[in-house]
Amino acid sequence: MDITEALEHSQPGLVGRVRDAIRKHQLNQRSEQTYLHWITRFVLFHDLKDPEALANEDRQLFLDYLSARMRMSRARFNQASQALTFFYEDVLGKTPVINTGCAAA
């Protein structure tokens, strides 16, 4: 399953909404790829559930997983966190409450 298939499966039309928001903010193609990557990983982490049905705790669970279990760099963690913030604020119109602290060094 590729990026667009996973997002479309969780919510039809979601990829288009993400891309529209990215273009609205005049982000470059690399940012689009990065944001779609992290948004997709988030959706897959939660078994393709509709992202609008997920609570703040679900978003934090994903970030905690990335920080503690994946032991990724602070820069990559920040990319994921920014992508989710963009996704919830600019695509879904919600304000996430996310702890952006990273345990990675």
Side-chain angles (χ1 to χ4, degrees):
M1 181 176 299
D2 71 12
I3 287 175
T4 56
E5 289 174 349
L7 290 180
E8 286 298 312
H9 184 68
S10 69
Q11 186 184 96
L14 189 56
V15 173
R17 290 174 60 195
V18 171
R19 287 187 170 142
D20 288 346
I22 286 169
R23 287 182 181 86
K24 177 183 166 191
H25 289 281
Q26 300 178 344
L27 300 177
N28 63 33
Q29 184 178 8
R30 183 64 183 139
S31 294
E32 178 178 332
Q33 292 170 343
T34 300
Y35 279 21
L36 283 171
H37 169 82
W38 287 115
I39 293 166
T40 300
R41 284 190 62 179
F42 171 71
V43 169
L44 290 170
F45 180 81
H46 290 293
D47 298 321
L48 299 173
K49 291 180 186 166
D50 182 346
E52 295 198 63
L54 296 172
N56 284 328
E57 295 79 21
D58 297 311
R59 291 175 245 170
Q60 190 60 50
L61 182 65
F62 177 68
L63 291 175
D64 289 346
Y65 169 78
L66 293 178
S67 178
R69 306 271 313 278
M70 297 302 293
R71 302 182 64 86
M72 62 178 42
S73 71
R74 183 177 305 274
R76 288 197 54 167
F77 177 87
N78 287 339
Q79 280 182 341
S81 180
Q82 287 175 324
L84 288 182
T85 299
F86 173 84
F87 179 55
Y88 273 88
E89 289 180 358
D90 295 302
V91 177
L92 301 178
K94 296 182 177 187
T95 304
V97 179
I98 296 177
N99 175 6
T100 58
C102 176

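The shown structure was predicted, so the numbers you read here are calculated from the model rather than taken from an experiment.
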Legend entry - Sequence-distant partners of Glu52, salt bridge (charged side-chain N to carboxylate O under 4.0 Å, His left out), two or more places apart: Arg17
Inset, instruction - Using distance alone, with no hydrogens and no angle criterion, decide if Ser81 and Asn78 have a side-chain donor and acceptor under 3.5 Å apart. - result: no
Inset, instruction - State, yes or no, whether a side-chain contact exists between Arg19 and Val15 at a heavy-atom distance under 4.5 Å. - result: yes
Inset, instruction - Identify the heavy atoms of Ala6 and Leu44 that sit nearest to each other, and give their distance. - result: CB-CD2, 4.0 Å
Inset, instruction - Dump the intermediate steps for side-chain contact (heavy atoms from CB on, under 4.5 Å) on Thr34 and Arg30, then the final yes or no. - result: CA-CA 6 Å; Thr34 300; Arg30 183 64 183 139; 3.9 Å; yes
Legend entry - Leu61 side chain reached by His46 side chain, heavy atoms, under 4.5 Å: yes
Inset, instruction - Hey, could you give me the CH2/OG1 distance between Trp38 and Thr85, rounded to the nearest 0.5 Å? - result: 13.5 Å
Legend entry - CD1 on Ile22 to CG on Leu36, rounded to 0.5 Å: 5.0 Å
Legend entry - With sequence neighbours excluded, residues passing salt bridge (charged side-chain N to carboxylate O under 4.0 Å, His left out) with Arg23: Glu32
Inset, instruction - State, with a plain yes or no, whether a side-chain heavy atom of Phe87 is found less than 4.5 Å away from one of Val18. - result: yes
Legend entry - Distance-only donor-acceptor check, side chains Gln79 and Arg76, under 3.5 Å: no
Legend entry - Polar contact flag, side-chain donor to acceptor under 3.5 angstrom, Asp64-Gln60: yes
Legend entry - Nearest heavy-atom neighbours spanning Ala83 and Tyr35: CB-CD1, 3.9 Å
Legend entry - Arg59 and Asn56, any side-chain heavy atoms less than 4.5 Å apart: yes
Inset, instruction - Just say parallel, tilted or perpendicular for the rings of Tyr65 and Phe45, cut-offs at 30° and 60°. - result: tilted
Inset, instruction - Measure the spacing between OG1 of Thr40 and NE2 of His9 and express it to the nearest 0.5 Å. - result: 13.0 Å
Inset, instruction - Determine the minimum heavy-atom distance between Ala21 and Asp90, stating which atoms define it. - result: CB-O, 3.9 Å
Inset, instruction - Work out which heavy atom in Leu27 is nearest to a heavy atom in Phe86; give both atom names and the distance. - result: CD1-CE1, 4.2 Å
Inset, instruction - Measure the spacing between NZ of Lys49 and OG of Ser10 and express it to the nearest 0.5 Å. - result: 12.5 Å
Legend entry - Side-chain heavy-atom pair Arg41, Leu66 within 4.5 angstrom cut-off: yes
Legend entry - Closest heavy-atom pair and its distance - Gly13, Glu8: N-OE1, 2.6 Å
Legend entry - Separation between CG of Asp50 and CG of Leu92, rounded to the nearest 0.5 Å: 8.0 Å
